[in-house]
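The next block holds one structure in the form of structure tokens; read it before the comments.
All values reported here derive from a predicted model rather than from experimental measurement.
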Amino acid sequence: NSKKPVTVKIRKGWDNDHIVAVEVAKIAEKCGVSAITVHGRTRDEYYSGTVDLDIIKKVKESVKIPVIGNGDIVDEESAKRMFEYTGCDGIMVARGAQGNPWVFKSILEENDYIPSLEELFNVIYKHIEYQLEIDDKKQANLKLRKHIAWYLKGLNGSSKIRDEVNKSEDIEETKKIMEIQPKIQKVYNEVDTYAKSYKYLEKENENIQKEVKYLKIKNQKLEQENNNLVSYIKAILKAIKNFFRVFATASSPSSLVWP
């Protein structure tokens, strides 16, 4: 009897022996629920394996209320796949937004967005300030550890930074650790660029050496072919010379036989 819209979020079932998503969705619809979100895993699976898009599709085909697909939506491609395969009315992004709030921009603009280093750390600083608005310094510092780890995932030296943040017992210390990270990351990136350039040049040098070796072998073959050709020409010239010598001898007056 609520005057406000009520929505429900369910999983596909408790375990693979009890898949009840369609049944529960129909019951929810009869009870007046405005929309239902379906996570395509069982409670027993938790977050293991991959999301079952078929069960979300079945729920969508079984009820008239809006169905929201949930599970493994981490970028524009996975969001598009959820919409197209299941026919759902909307999507719910969960873990895919951890450390990556830009995932929503990627989905809405249908193009995966990668933030710059400056933008990434500006968001981290804002997150720290927002956390301090709702928690005391100790609680904020503890809660921010996992979020900072998610933000830093994939960056050079991120494991060392996470270790420093996790050891920090004071939010001010954590802020100082984060404030120097952009400069450190730039150094890491420069080193990484030089390393990639060195590997590229090293690979190019290997290719050049292989080409030189190939050309040497080819040159040796050409020299051998040239020598063979010279010998062949010499043999032909010698044969021609002998032919004319014999011809000249045979054609001389002294060689004629008179009757």
Side-chain angles (χ1 to χ4, degrees), residues 1-115 123-124 127 130-131 134-135 139-140 142-154 158 162 166:
N1 296 323
S2 174
K3 293 181 180 180
K4 296 183 181 296
V6 176
T7 62
V8 172
K9 183 174 186 287
I10 64 171
R11 281 181 170 245
K12 61 187 282 189
W14 184 262
D15 54 37
N16 287 328
D17 294 325
H18 302 86
I19 307 300
V20 296
V22 172
E23 181 184 350
V24 172
K26 288 180 178 179
I27 294 171
E29 184 177 40
K30 287 180 180 179
C31 291
V33 166
S34 299
I36 185 166
T37 300
V38 184
H39 182 104
R41 287 186 178 87
T42 63
R43 175 61 181 82
D44 192 47
E45 286 177 310
Y46 202 55
Y47 293 121
S48 64
T50 56
V51 67
D52 180 3
L53 298 181
D54 287 308
I55 192 65
I56 301 173
K57 183 178 181 181
K58 289 177 182 178
V59 170
K60 172 58 186 172
E61 293 170 349
S62 302
V63 296
K64 294 181 180 179
I65 58 174
V67 174
I68 301 166
N70 174 237
D72 291 352
I73 301 173
V74 296
D75 53 22
E76 184 270 335
E77 183 181 348
S78 53
K80 185 177 180 181
R81 184 167 59 251
M82 177 68 79
F83 274 120
E84 292 182 349
Y85 188 87
T86 68
C88 63
D89 302 284
I91 59 174
M92 178 180 287
V93 181
R95 291 177 299 152
Q98 291 174 340
N100 182 27
W102 300 275
V103 67
F104 302 104
K105 180 180 178 69
S106 298
I107 293 170
L108 291 171
E109 296 182 358
E110 297 184 352
N111 183 34
D112 284 335
Y113 180 80
I114 300 175
V123 168
I124 294 175
H127 195 146
Y130 291 154
Q131 199 73 48
I134 58 175
D135 290 315
Q139 285 298 313
L142 292 173
K143 290 181 179 180
L144 282 165
R145 288 175 178 177
K146 63 182 180 181
H147 291 285
I148 290 174
W150 288 326
Y151 281 119
L152 299 179
K153 186 178 180 181
S158 59
R162 287 198 304 269
N166 288 336

Rounded to the nearest 0.5 Å, how far does [atom2] of [Y] lie from [atom1] of [X]?
X	Y	atom1	atom2	value
R81	E76	CZ	CD	10.5 Å
R11	D44	CZ	CG	10.0 Å
E77	N111	CD	CG	12.5 Å
I65	K60	CD1	NZ	9.5 Å
L142	N166	CG	CG	10.0 Å
M82	C88	CE	SG	6.0 Å

Any idea which heavy atoms bring [X] and [Y] closest together, and the distance?
X	Y	result
T42	W14	CB-O, 3.5 Å
D72	G49	OD2-O, 4.4 Å
I36	V59	CG2-CG1, 4.5 Å

message = Please check: side-chain N/O of S106 versus main-chain N/O of Y113, any donor-acceptor pairing under 3.5 Å?
response = yes
inquiry  = Between R41 (side chain only) and G71 (backbone N and O only), is there a donor and an acceptor less than 3.5 Å apart?
reply    = no
Check: [Y] and [X] side chains under 4.5 Å, non-hydrogen atoms:
X	Y	answer
V74	V103	no
Y85	D54	yes
I148	R162	no
V123	P101	yes

Are there over 12 heavy-atom neighbours, none belonging to [X], within less than 6.0 Å of that residue's [atom1]?
X	atom1	answer
I114	CD1	no
W150	CH2	yes
K153	NZ	no
Y130	OH	no

Audit row: E29, K64, side chain to side chain contact (heavy atoms under 4.5 Å, CB included) steps and yes/no = CA-CA 8 Å; E29 184 177 40; K64 294 181 180 179; 3.3 Å; yes
inquiry  = Students often mix this up, so state it plainly: with edges at 30° and 60°, are the rings of H127 and H147 parallel, tilted or perpendicular?
reply    = tilted
inquiry  = Consider side-chain contact (heavy atoms from CB on, under 4.5 Å). Of H39, R43, E45, which one does K12 pass it with?
reply    = E45
From T86, N70, I107, residue fulfilling side-chain contact (heavy atoms from CB on, under 4.5 Å) relative to I91 = I107
